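Worksheet for the structure shown next.
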There are 2 protein chains.
Amino acid sequence: MKTFSISEVAKELNVTAYTLRYYDKEGLMPYVERKESGQRLFKESDIAALKVIECLKSTGMPIKEIKTFIDWCTDGDSTLQQRFDMFMERKAVVDMQIAELKKTMELIDHKCLYYKTALDAGTEEIHKNDKIEIPHY
Amino acid sequence: MKTFSISEVAKELNVTAYTLRYYDKEGLMPYVERKESGQRLFKESDIAALKVIECLKSTGMPIKEIKTFIDWCTDGDSTLQQRFDMFMERKAVVDMQIAELKKTMELIDHKCLYYKTALDAGTEEIHKNDKIEIPHY
DNA sequence: CTAATCTTTAGAGTCAACTCTAAGTCAAGT
DNA sequence: ACTTGACTTAGAGTTGACTCTAAAGATTAG
């Protein structure tokens with residue numbers, strides 16, 4: 001079975017080897033095997049697991065909570081409900097994050113328009129009489 | 001003209017007064033006026049400006065870059081182009097963030113299904129023969 | 001007038017998530 | 001055999017964004 005070194009995995013996942021060792025220290029990689037000499041041997045499945053970790057991280061989940069999830073995985077079938085619940089909760093979180101980004105986008109679009117108009121006029125003065133416009137910007 | 005104290009503004013924006021003072025220290029509020037005694041007097045427009053700061057922050061922009069933007073605002077019409085470009089860039093960033101969250105959501109949905117199936121079967125064993133399934137979870 | 005509750009500052013402390021250093025071991029090429 | 005580069009560890013250092021403390025001054029309610 002093909003295996004990968006820490007720097008190969010780091011490259012593949014666009015993180016540093018430092019980061020991967022940090023994750024290991026924090027207990028996120030209890031499954032990664034080693035050579036006699038202590039060097040890590042990453043399998044394809046280990047990389048897949050790291051991608052799930054990346055996924056959780058990108059929802060804003062802190063390392064310690066991800067660790068809890070990894071521990072559940074190690075504990076086996078008795079934790080299936082917790083793990084299901086966790087992913088359902090993450091789903092709700094991501095839904096909220098997308099909704100918030102869309103609101104953020106509205107303000108940004110508004111500002112783009114604001115500055116386009118000012119730029120065409122050569123001055124921000126053009127917005128002096130706007131209804132509920134924001135004075136400072 | 002109605003003004004607000006720091007704790008009123010903090011409540012309104014769902015941040016602490018500490019945070020607002022920190023933003024001030026970092027130069028994000030050069031426009032907020034003071035009483036003789038030194039107490040801050042927030043105007044409606046100051047709150048609106050803070051909402052723009054919140055917006056930029058929620059796109060992941062660090063405080064120091066937001067400070068640069070505030071400085072541009074202070075500099076007047078000569079920086080209109082930079083400010084327009086900045087918001088266009090933020091727009092692109094937010095587009096990417098939404099796209100990434102959608103990819104994240106795909107994996108999460110997949111995991112929800114995975115655990116639902118396992119939960120119904122009472123064991124993760126049910127996924128042993130999945131095509132490209134992830135062994136550890 | 002007084003007590004309680006703001007507010008102010010400078011500066012120290014916290015926290016998460018890296019990021020790096022030092023000293024040593026291991027592996028690959030010539 | 002030797003050099004170069006990648007790997008290991010424990011532990012220290014960094015960064016960003018707060019978060020709080022202490023000591024002082026200001027404001028409000030009774």
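Throughout, a chain's letter reflects where its sequence line sits, starting with A, and its residues are numbered from 1. Please read all numbers here as calculations on a predicted model, not as lab measurements.
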What verdict does the side chain to side chain contact (heavy atoms under 4.5 Å, CB included) test give for R40(B) and R21(B), after you've listed the backbone C-alpha separation in whole Å, the side-chain angles of each residue and the deciding distance to 0.1 Å?
CA-CA 10 Å; R40(B) 293 172 185 83; R21(B) 291 196 196 99; 4.0 Å; yes
Just how far is it from atom CZ of F4(A) to atom CG of D46(A), taken to the nearest 0.5 Å?
10.0 Å
dA10(C) P sits how many Å from Y22(B) OH, rounded?
15 Å
With a 4.0 Å cut-off on heavy atoms, is T16(B) in touch with a base, just the backbone sugar-phosphate, or nothing at all?
nothing
Return the orientation label for the F69(A) and Y115(B) ring planes: parallel under 30°, perpendicular over 60°, tilted otherwise.
perpendicular
In whole angstrom, what separates Y18(B)'s OH from dG13(C)'s P?
15 Å
Could you give the CE-to-C1' distance, from M61(B) to dG16(D), as a whole number of Å?
15 Å
Taken to the nearest whole Å, CD/E36(B) to P/dG25(D) is 17 Å
5′-ward residue of the pair Y23(B)/S7(A) relative to DNA chain D
S7(A)
If you check every side-chain atom of K64(B), which of dG16(D), dC26(C), dA16(C) has the closest atom?
dG16(D)
Spacing between D24(A) atom CG and dT8(D) atom P, to the nearest angstrom
9 Å
Between dT7(C), dG11(D), dA27(C), which nucleotide gets closest to the side-chain atoms of K35(A)?
dA27(C)
Can you tell me how far the OG1 atom of T59(B) sits from the CD atom of Q97(B), to the nearest 0.5 Å?
6.0 Å
How close or far is atom C1' of dA16(C) from atom CD1 of I53(A), stated in whole angstroms?
17 Å
Could you report the tightest heavy-atom contact between C55(B) and L107(A), atom names first, then the distance?
CB-CD1, 3.8 Å
Nearest to the S5(A) side chain among dC7(D), dC18(C), dT7(C), which nucleotide is it?
dC7(D)
Between Q39(B) and I63(B), which has a closest nucleotide on DNA chain D that is more 5'?
I63(B)
Of the nucleotides dT9(C), dA17(D), dT9(D), which one has an atom closest to the side chain of R34(A)?
dT9(D)
Out of dT8(D), dT19(C), dC18(D), minimum distance to the side chain of R21(A) belongs to dT8(D)
Would you mind classifying the nucleic acid contact of K57(B) as base, sugar-phosphate or nothing, using non-hydrogen atoms under 4.0 angstrom?
sugar-phosphate
Scan R40(A) against the nucleic acid and name what it touches under 4.0 Å (heavy atoms): base, sugar-phosphate only, or nothing.
sugar-phosphate
K25(A) atom NZ is separated from dA12(D) atom P, nearest whole Å, by 11 Å
Expressed as a whole number of angstroms, how long is the span from K11(A):NZ to dA6(D):P?
10 Å
Picking from dC6(C), dT8(D), dA17(C), which would you name as closest to the side chain of I6(A)?
dT8(D)
Closer to the 5' end of DNA chain C via nearest nucleotide, is it G60(A) or S37(B)?
S37(B)
